[in-house]
Amino acid sequence: TLYDGIIEMLDELADLGLSLSIATAKPEQTAHPILDYFGISERFDVRAGASLTSDRRTKAQVIAHALRELEIQADPDLGDHVIMIGDRDHDVHGAMHHGIACIGVTWGYGSVEELIKAGAVVLADSPGEVADLVRQPYRLHHS
């Protein structure tokens, strides 16, 4: 089942004029049918998942694939207009690899501690909070 509020969150983000994409560590052969089952595939411009080969297994590789599909991988200001929303540390790390901030969501599989330790720029406790958080400017802290 989808988490309560996901459809409304996606609609609100789309109503803001945002382009939505999925970058999942699940293999595309699994991820696409799941999105189709819930009737949300058409809400995403790109549906990127892992491959069954070693060329696209890590979250950073999946995000790179999604950025290529969006034709924005070489954008020097990528971090100014792309944000990741994820529930695990690999989401945060994969986004940071590309200079993208990540909003951590606490309703998924990861813990608050995991997301904070990984470097999530802010946490959302419900899907209803995401649209307001996406509107904020975030900068990654570089060491």
Go through the steps to decide whether Leu67 and Ile63 satisfy the test side chain to side chain contact (heavy atoms under 4.5 Å, CB included), and finish with yes or no.
CA-CA 6 Å; Leu67 295 171; Ile63 293 170; 3.9 Å; yes
Distance-only, no hydrogens or angles: does the [X] side chain make a donor-acceptor pair with backbone N or O of [Y] under 3.5 Å?
X      : Y      : answer
Tyr138 : Leu133 : yes
Glu12  : Met9   : no
Asp132 : Glu129 : no

[X] versus [Y], closest heavy-atom pair with distance:
X      : Y      : value
Leu115 : Gly86  : CD2-O, 4.0 Å
Ala50  : Gln29  : O-OE1, 4.4 Å
Leu20  : Ala14  : CD1-N, 4.4 Å
Ala120 : Leu123 : CB-CD2, 4.1 Å

With sequence neighbours excluded, what pairs up with Asp4 under the side-chain hydrogen bond (donor to acceptor under 3.5 Å, both in side chains) test?
none
Please identify each residue that fulfils salt bridge (charged side-chain N to carboxylate O under 4.0 Å, His left out) with Asp77, with sequence neighbours left out.
none
If we ignore angles and hydrogens, is there a donor and acceptor under 3.5 Å between the side chains of Asp45 and Ser21?
no
Straight-line distance of [X] [atom1] to [Y] [atom2], nearest 0.5 Å:
X      : Y     : atom1 : atom2 : value
Gln136 : Ile83 : CD    : CD1   : 9.5 Å
Leu10  : Glu42 : CG    : CD    : 10.0 Å
His93  : Arg88 : NE2   : CZ    : 11.0 Å
Leu2   : Ile40 : CG    : CD1   : 5.0 Å
Leu78  : Leu70 : CG    : CG    : 9.5 Å
Ile22  : Ile34 : CD1   : CD1   : 10.0 Å

Less than 4.5 Å apart, side chain to side chain, heavy atoms only: is that true for Asp55 and Gln61?
no
Heavy-atom distance under 4.5 Å between the side chains of Ile72 and Val82, does that happen here?
yes
Any chain of hydrophobic side-chain contacts (each under 4.5 Å) joining Val121 to Val130?
yes
Pair Met84, Lys59 - check side chain to side chain contact (heavy atoms under 4.5 Å, CB included), show working.
CA-CA 11 Å; Met84 177 80 174; Lys59 184 56 82 126; 3.7 Å; yes
Stepwise, does the side chain to side chain contact (heavy atoms under 4.5 Å, CB included) test hold for Arg43 with Leu35?
CA-CA 10 Å; Arg43 296 170 187 268; Leu35 296 170; over 6 Å; no
Is the shortest side-chain N to carboxylate O distance from Glu28 to Arg47 below 4.0 Å?
no
Does the distance from a Lys or Arg side-chain N to an Asp or Glu carboxylate O, for Asp89 and Lys117, drop under 4.0 Å?
no
Only distances under 3.5 Å count here; give the side-chain donor-acceptor pairs of residues 98-110 to other protein atoms, sequence neighbours excluded, each with its distance to 0.1 Å.
from, atom 1, to, atom 2, distance (Å)
His98, NE2, Ala60, O, 2.8
Thr106, OG1, Ala124, O, 3.2
Thr106, OG1, Asp125, OD1, 2.8

Please test Leu18 against Val134 for side chain to side chain contact (heavy atoms under 4.5 Å, CB included), starting from the C-alpha separation and ending with a verdict.
CA-CA 10 Å; Leu18 302 175; Val134 165; 3.6 Å; yes
